[in-house]
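Worksheet: the structure to be examined is printed underneath.
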Amino acid sequence: MKKILVTGALGQIGSELSHEFNARYGNENVIVSDVMVDTKGIYPENVFEKVDVTDVDGLEKIIKRHNIDTIIHLAAILSARGEQDPELAWHINIDGLLNVIRLSIKHNIDRLMVPSSIAVFGPQSTLYNAPQETILKPNTMYGITKVTGELLADYYYKKYNLDFRGIRYPGIISHKTMPGGGTTDYAVEIFYEALKTGHYTCFLSSEACLPMMYMPDCVRATIELLEADRTSLKHRGDYNVGAMSFTPEDQAAEIRKYLPNFTIDYQPDFRREIAKYWPASVDDSSACADWGWRPQYNLEMTVKDMLVNVAKKLEIDFKI
Ligand code: NAD
Ligand code: AKB
């Protein structure tokens, strides 16, 4: 890995992962890109390229200009926004991905990393300790694009020897960049409302139990898989990774340990139907065996750290 291109670098995951890449590989070797131009001061020390991943020529110019040999392709439309505009989700998640794959083969890209999601599971999947291999027939367009991405990873690995890797991320919790249009976004929003108003109205139902992960674990998992020895990997773009699972009620109870007056109520909307067929937990034994995955953050540690950092961001006086 000499020169890394990150697409979708202004998003929730990209904006933290790219900084870890800077620390690890040198900021001169990390080219960050997004369809948005406003970098909001996130990348003072990187070359930033504005590109739409559905524009194959624009992407190719960047790959050639910077001699890119590794691509972390994060640009995507997430689940909730994807249900509001399914064709857009297909266009960006699949046409954009095919552009990245096409150019990876043409320019001999050494390693391509593309996230998958717990959204690959569906009504016919085993939803408790969801296995690495199970029936994948999701009922959202986002899930369909993620299953397609996983199948393309296997296909291009076998037919073109493309080193394509990916993790089925759970819902990611973080405090630097707000999540963008997902079903698990509630698990981040709740901290802002708890601190600002002491109350949160949740768009999922109280018993919706979903797998979640704190950003430091997400960044570490991504780097561990990226750097793993190719010969030890038995899967390509679809590693299950687990960290913690909880319902909105569990999370509210944990927040109440530090903000005793915090209240939550429920006004479920269309996102409840999305969450209903996502797993409560995942079996990540393949990730553990193949590249040594071990989570570090549980709900208690995540809630403490989030409250402290969100309070700092909102300039609210709060101490644990
Ligand atoms: P995000 O929505 O926060 O960021 C996506 C970024 O992609 C945004 O900055 C957006 O401007 C950019 N983008 C959108 N369309 C684009 C286009 N046409 N060309 C270039 N850039 C474009 O998403 P995220 O949470 O950072 O997710 C990154 C990846 O991880 C996605 O593939 C997502 O499906 C996956 N994932 C995320 C989570 C999570 O909880 N955050 C969970 C599972 C999987
Ligand atoms: C979403 O809710 O869409 C994402 C995901 C789990 O893929 N956070």
Side-chain angles (χ1 to χ4, degrees), residues 5-18 32-40 42-43 48-56 58-59 62 71-85 88-100 113-121 130 138 140-150 166-174 176-189 203-204 208 210-215 217-219 221-222 237-241 243 245 270-272 274-275 277-279 282:
L5 172 66
V6 183
T7 72
L10 293 178
Q12 186 193 9
I13 296 176
S15 58
E16 300 214 32
L17 187 59
S18 307
V32 290
S33 73
D34 203 286
V35 72
M36 294 194 290
V37 257
D38 183 4
T39 65
K40 302 180 188 93
I42 296 176
Y43 295 113
F48 179 84
E49 296 277 11
K50 177 184 172 353
V51 72
D52 184 328
V53 293
T54 62
D55 167 16
V56 73
L59 261 182
I62 293 168
I71 302 179
I72 315 296
H73 178 50
L74 303 176
I77 299 295
L78 277 76
S79 58
R81 192 160 166 232
E83 285 313 282
Q84 287 161 337
D85 195 342
L88 179 73
W90 180 268
H91 181 49
I92 293 177
N93 296 9
I94 297 302
D95 297 334
L97 173 60
L98 278 170
N99 284 342
V100 170
M113 190 129 186
V114 183
S116 185
S117 161
I118 52 165
V120 294
F121 299 104
T140 61
M141 182 55 88
Y142 175 66
I144 291 168
T145 67
K146 289 298 177 187
V147 174
T148 307
E150 292 185 357
I167 287 173
R168 288 175 183 154
Y169 290 133
I172 304 302
I173 299 176
S174 67
K176 290 200 178 131
T177 304
M178 290 304 277
T183 301
T184 58
D185 295 10
Y186 96 83
V188 175
E189 290 170 5
F203 56 74
L204 297 185
L210 293 171
M212 300 278 181
M213 181 177 277
Y214 198 32
M215 185 60 89
D217 272 344
C218 170
V219 167
T222 309
D238 56 6
Y239 275 102
N240 277 354
V241 290
S245 289
F270 72 101
R271 290 169 281 191
R272 168 172 60 182
I274 299 178
Y277 298 110
W278 285 3
V282 298

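No experiment lies behind these values; they were computed from the predicted model shown. Each ligand, and each atom within it, is numbered from 1 in the order the structure gives.
- Ligand 1 has no N or O atom lying under 3.5 Å from any N or O atom of Met36, backbone or side chain.
- Residue-ligand proximity, Ile118 to ligand 2, at heavy-atom distances under 4.0 Å covers atoms 6 (C).
- Proximity of Cys218 to ligand 1 is not established, as no heavy-atom distance is less than 4.0 Å.
- Looking only at distances, a side-chain donor or acceptor of Tyr43 sits under 3.5 Å from a matching main-chain atom of Ala9.
- Contacts of Asp185 with ligand 2, taken as heavy-atom pairs under 4.0 Å, are absent altogether.
- Heavy atoms of Thr54 found under 4.0 angstrom from ligand 1: none, in either backbone or side chain.
- Considering backbone and side-chain atoms together, Gln12 places an N or O closer than 3.5 Å to an N or O of ligand 1.
- For atom 18 (N) of ligand 1, the nearest protein heavy atom (residue, atom name, distance) is Asp52 OD1, 2.9 Å.
- A distance of 7.5 Å separates CD of Gln12 from OG1 of Thr177, quoted to the nearest 0.5 Å.
- With 3.5 Å as the limit, one finds no donor-acceptor pair spanning the side chains of Ser79 and Thr140.
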Q | Step-by-step side-chain contact (heavy atoms from CB on, under 4.5 Å) determination, Phe48 to Ile42 | A | CA-CA 10 Å; Phe48 179 84; Ile42 296 176; over 6 Å; no

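- Contact between Gly96 and ligand 1 is absent, with no heavy atom of the residue lying under 4.0 Å from the ligand.
- Not a single heavy atom of Ala119 sits less than 4.0 Å from an atom of ligand 1.
- The distance criterion of under 3.5 Å between nitrogen or oxygen atoms is met by Ile172 with respect to ligand 1.
- Nearest non-hydrogen protein atom to atom 5 (C) of ligand 2 is Ser117 OG, 3.5 Å.
- Among all non-hydrogen protein atoms, the one lying nearest atom 26 (O) of ligand 1 is Ile13 N, 2.9 Å.
- The protein heavy atom nearest to atom 28 (C) of ligand 1 is Leu74 O, 3.4 Å.
- Of the protein's non-hydrogen atoms, the one nearest atom 14 (C) of ligand 1 is Ala76 O, 4.0 Å.
- Of all protein heavy atoms, the one lying nearest to atom 4 (C) of ligand 2 is Leu78 CD2, 3.7 Å.
- Given atom 42 (C) of ligand 1, the protein heavy atom at minimum distance is Pro170 O, 3.2 Å.
- Looking at Ser33 against ligand 1, nothing comes within 4.0 Å, counting heavy atoms.
- For atom 10 (C) of ligand 1, the nearest non-hydrogen atom of the protein is Asp34 OD1, 3.5 Å.
- Residue Trp278 places no N or O, backbone or side chain, under 3.5 Å from any N or O of ligand 2.
- The number of heavy-atom neighbours closer than 6.0 Å to NZ of Lys50, taken from other residues, nucleotides and ligands shown, is above 12.
- For atom 8 (N) of ligand 2, the closest heavy atom belonging to the protein is Thr184 OG1, 2.8 Å.
- Here Pro179 has no heavy atoms under 4.0 Å from ligand 1, in either its backbone or its side chain.
- Using modelled atom types, no side-chain atom of Asn93 and backbone atom of Lys146 make a donor-acceptor pair closer than 3.5 Å.
- Remark: minimum distance from atom 34 (O) of ligand 1 to any protein heavy atom is reached at Tyr142 OH, 2.6 Å.
- For atom 19 (N) of ligand 1, the nearest protein heavy atom (residue, atom name, distance) is Val53 N, 2.9 Å.
- By the 3.5 Å distance cut-off applied to N or O atoms, Tyr142 is counted among the residues near ligand 2.
- An N or O contact shorter than 3.5 Å links Thr183 to ligand 2 by distance.
- Of all the heavy atoms of Lys146, the ones lying under 4.0 Å from any atom of ligand 1 belong exclusively to the side chain.
- Considering only non-hydrogen protein atoms, atom 3 (O) of ligand 2 sits nearest to Ser79 OG, 2.5 Å.
- Considering backbone and side-chain N/O atoms, His73 never comes within less than 3.5 Å of an N/O atom of ligand 1.
- Remark: the backbone N or O of Glu150 is not paired with any side-chain donor or acceptor of Asp238 at under 3.5 angstrom.
- Side-chain atoms of Ser15 do not come within 3.5 Å of backbone N or O of Leu10 as any donor-acceptor pair.
- For atom 13 (N) of ligand 1, the choice among Ile173, Val35, Val114 with the nearest heavy atom turns out to be Val35.
- For the atom pair Glu83 CD and Thr183 OG1, the distance stands at 8.0 Å (nearest 0.5 Å).
- In this structure, Leu78 is part of the shell of residues with a heavy atom less than 4.0 angstrom from ligand 1.
- Residue-ligand proximity: Val51 is placed with a non-hydrogen atom under 4.0 Å from ligand 1.
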